[in-house]
Each structure stands twice: as structure tokens, then as C-alpha cells.
Amino acid sequence: MKFQTSLFHYIVFLSAALAGGSWVLAGEIKAEQYEHARWHPMHFEPAIDQATDEQCLSCHREILDRKVLDQSPAGVKASEALAWYQTLNTYEGPQETFHRRHLVTPLAKNLMDMKCTTCHQGNNPREEAPIPPDVAMTDFTLRKMVDPETCLMCHGRNPYERMGLPGPWAESRETFQNNCLLCHAGIRTNRHRVNYLKAEAIEELGTKDADICYGCHGGRQWYRIAYPYPRHAWQGMGEEVPEWAKDRPTESQPRFRITQEQASK
Amino acid sequence: MSETIEKAKIKEAVKRRKLETYTPVKPEVQLGFVHNNVDCIGCRACEIACKDKNGLAPGPRFRRVQYIEGGTYPNVYVYKVNMSCNHCAEPACLPTCPTGAIFKRKQDGIVDIDSTLCIGCRRCEAACPFGAPQFDPVDNLVKKCNLCVDEIEAGRKPYCVMACMMRVLDIGPIEEIWDAELETPAIGPEEKVVRQVKNMANIELTKPSIGFVPHSKGRVK
């Protein structure tokens, strides 16, 4: 049974893999081209940045179709389960896989504009280090799929000390009327202008509910550090750069800038 | 496990925890792995021993021996970085789990998973900076290294360590490993232990409990 299942997956994957040379979608290639597909330039920089979701999903369709189990083997029902950060107001609907939470659930559709390539910068089949070996490329992570620094942009810690809050947001939110915009109507107003977010929608919802802001700025914390966001100049910004911001970039990474649109969905 | 499901109590706890983030358990002793990147020959016996013990089908690998190759002739190099779960001081997988299947043990800091509670949402897999949680497509559950907690309880070492023919892999209290004070064949007399090597995710993300004897080309800075 196990063998049959894995063989089935294998055949599905093979039949869905890519042919070399030009952009070819799934269904057009033969089984022996499996290795060819794995090493296709599309899976590597710089071609990966031009890959469209349609091209990625033509083989990797299952990431949108997969559902969580209704209940765990021991009988924990998915409908009754709740993670730490799912106590935020922004969480709604049944338990979903993380791919669906980033691409197709209502919050993802309303506030985000993520593409496969926003997170995935190619998958090295050898998984360990850049191929061909390149001593200059030292930022390839051993983790295979996604550089966690990308996750950190929305899953980092809330840097309340840096903002001058008296304590963590959970403690000091009342002091600030549970309203981020009490200060941020005038500070760091040039924000969220990256090609994987919908800036206007975020700003609009942020005025209604600070949980929306906190969601990505501490509430969904995976990691123990905060992301050092680029310090885009804003109107009324002080001329002096504070000590902590001296090493900060003033522009987003090129691949996240709106001027350099990612390939359309 | 509690015999009654006290839903009201759970709802109360959820309300209380709203906007709070997870506070990691501070273990009495934190166990961790040490790996000698230079002397490891990459035979993957540890991987196989691990798969055997945990009954894993092709696909998921709790332990992953990673080959790093580089350079230009005649100055070429190769070394291995060997990781399973790093039993982080501040694990990222734990707060992402909606069912509480992942937990950190107080007595030794082992981050364990009870896969019978897993609903296969794969969030932990996404959150881990080191690729420790492994998805098993056969039963749609996530599983991972638990440092062979049953062996630890019995006063023995994990299967991977016992299988290592080069004796480059070992476990111990992580502070002793970082100070190179642990008595182990994995650390040579003059060797220093580092917490991070090249190509490895930033350790400040989760503070992984692992030490390496690095290759000169794998040293960070």
C-alpha cells in the first residue's frame, strides 16, 4: 500500500515536471525528464524571480489542495484546536495549512499579495549549498526551502523597547488605547509599500483594529528577534539617525520593491 | 490526559492568553548535540539508524547529513554539517502548533512531539529555521527527532550517536559542549566549538542547542 501510494505520487510528479529549454507547463513532459526538471534553470536564481505562480503550481498544485486532518490520530479535533497566535482577532475560519494561509484564505487575499517566489528562491536538489559550488554565495541556508529571514518579516518579535513602550504590547496596549496609530499616524508613515503586501488595505484595517497591525508585528511571533525593517524616509522624519538605525537599509530588497514588479500571478 | 474536556476553562485560558506570546520553558539542564564537521566522513549511518529506530518510510529524515563542497582546483574543500532537531532554547515550532503536540521538557530541554495529536497543518515545518520537523506523507503527520527520549530515560545515548563509526556525533549538556569541556571523542584536545557555521540560519532566531567543530571554510567570520 505504501509502495503504491509513493509510486502514485512519483508518477504524478513525473508527469507534472518541467521540460528544459523553454517554459513548459506540466503534462507536456516525459518521465525520463524528471532529473532534467529538477535541475531546470527555473528552480535557480536568477530565473526563479521570473517564475509565475501558474508555472509553479502547474507541478506543485498540491500545496493549495491539501487540507489538514479533521482530527489527529488520538482524536484531537482540528475544529477545537488553537495555536498561541490564533487567539488574535485576525484569525478566522477552520484550521488550514500554512500555504493556504499565505495564499488563498480571506486574510491572505485581502492584505497580502504573495507569490510563490516571495518566499521560495529556488530549491537546490542537493539541498546543502549552492551548485555549482560558489564560495562567494554564503547566504544559502541549509534549511532547503525558504530562508527564515523572509519569514521573519511577519513572524518576528514586537520590538517594544525600541519604540519606547513601557512593556510588551499585551501590557501596554491599554495605555495607548489599543491603537498603534496613536503614534504611527506621524511616525514611520512610509510603510508596507512592498510588492507582497496590499498597503492601502492594511492601513485601512489598521485604523479599525490594532490586532491587524499586531498580527504581523509580534502577535504571530515565531522567532525571538525582530525584523530590522528598512528605514524608509517619511514626512517629518528627524534629520538625525538614531544609533540603532545606523546600519539599517533605507530601501527594501530589490525583489520586494513595487517598481520591480514580480511576475504576475 | 484529563478525562473531562473543560471547554469553559479552555475558553477562559484563551481569553487570558490573547496577545501574549509563548514564553519558553527554562530547562534544568539543556541537552544538545555536538558534531565535528571536519572528521565526519558523511557515511550517513546516523541517518539510517535514526530512520530504523523511528520506522520512517522513504522521505522524512529526522537527521540530515549535509555535504558542503566548494573551492576551485587545487584549493577545493568538502565538509559535512549534520543536524537533526536542535532542541532550541526558544523553539519556533512550539508556538505554531494548534494542538499542543509539541512541547519542551523541563528536565532536559528536549523538544518532543506527540504526533498522535498532530493534524498535519505543517506550520511547525515552516517555522523551524533548521528543517527539523519532517512531514510523513504516508500518514499525513509531522514527526521529528526527540533525541531518542526513551534512550535518554534509560541512561543511554540516541541511536544516531551510537551508530556513528567516526565518533563525531555526541550529546551532552549544551553549555559544556559550547565550552568544549564535554569529554567526548567528537571534540579534539585543541578544538574549539562554535554555535554557528556558514549556510546555517541565524541562531538568534531560536537559539538552537547545538555545537560544531567547524571546518576552516565553514567558519562564520
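Labels below follow one simple rule: chain letters A, B, ... track the order of the sequence lines, proteins then strands, and each chain is numbered from 1.
- When the shell of 6.0 Å around NZ of A:K246 is examined, it contains more than 12 heavy atoms from other residues, nucleotides or ligands.
- Between B:P129 and A:Y223, the shortest heavy-atom distance links the atoms CG-CE2, 3.6 Å.
- Listed here is the closest heavy atom pair of B:C118 and A:L69: O-CD1, 4.0 Å.
- Most heavy-atom pairs under 4.5 Å with chain B: of the set A:P168, A:G156, A:A81, this distinction falls to A:A81.
- For A:D65, the CG atom is densely surrounded, since the number of other residues' heavy atoms within 6.0 Å is greater than 12.
- Atom CG of B:D150 sits in a crowded spot, with more than 12 heavy atoms from other residues, nucleotides or ligands closer than 6.0 Å.
- A:L152 has its side chain out of reach of B:N202: every pair of non-hydrogen atoms, C-beta onward, lies at least 4.5 Å apart.
- Taking CZ from B:R123 and CZ from A:F98, the interatomic distance works out to 9.5 Å, rounded to the nearest 0.5 Å.
- Taking CD1 of B:I119 as the start and CD of A:Q71 as the end, the distance is 11.0 Å to the nearest 0.5 Å.
- For the options B:S115, B:A101, B:P24, heavy-atom pairs under 4.5 Å to chain A are most numerous at B:P24.
- Within a 6.0 Å sphere centred on CD of B:E153, other residues, nucleotides and ligands contribute more than 12 heavy atoms.
- Interface remark: of the candidates B:N140, B:T116, B:V76, B:T116 forms the most heavy-atom pairs closer than 4.5 Å to chain A.
- The OG1 atom of B:T99 sits 13.5 Å away from atom NZ of A:K77, with the distance rounded to the nearest 0.5 Å.
- At distances below 3.5 Å, at least one donor-acceptor pair connects side-chain atoms of A:R66 with backbone N or O atoms of B:G120.
- The minimum heavy-atom distance linking B:L117 with A:A74 is given by the pair CD2-CB, 4.0 Å.
- Proximity to chain B (any heavy atom under 4.5 Å) is shown, for A:R100, by neither the backbone nor the side chain.
- Of the two parts of A:E171, neither the backbone nor the side chain holds a non-hydrogen atom closer than 4.5 Å to a non-hydrogen atom of chain B.
- Within the 4.5 Å cutoff, no side-chain heavy atoms of B:C121 are placed close to those of A:R101.
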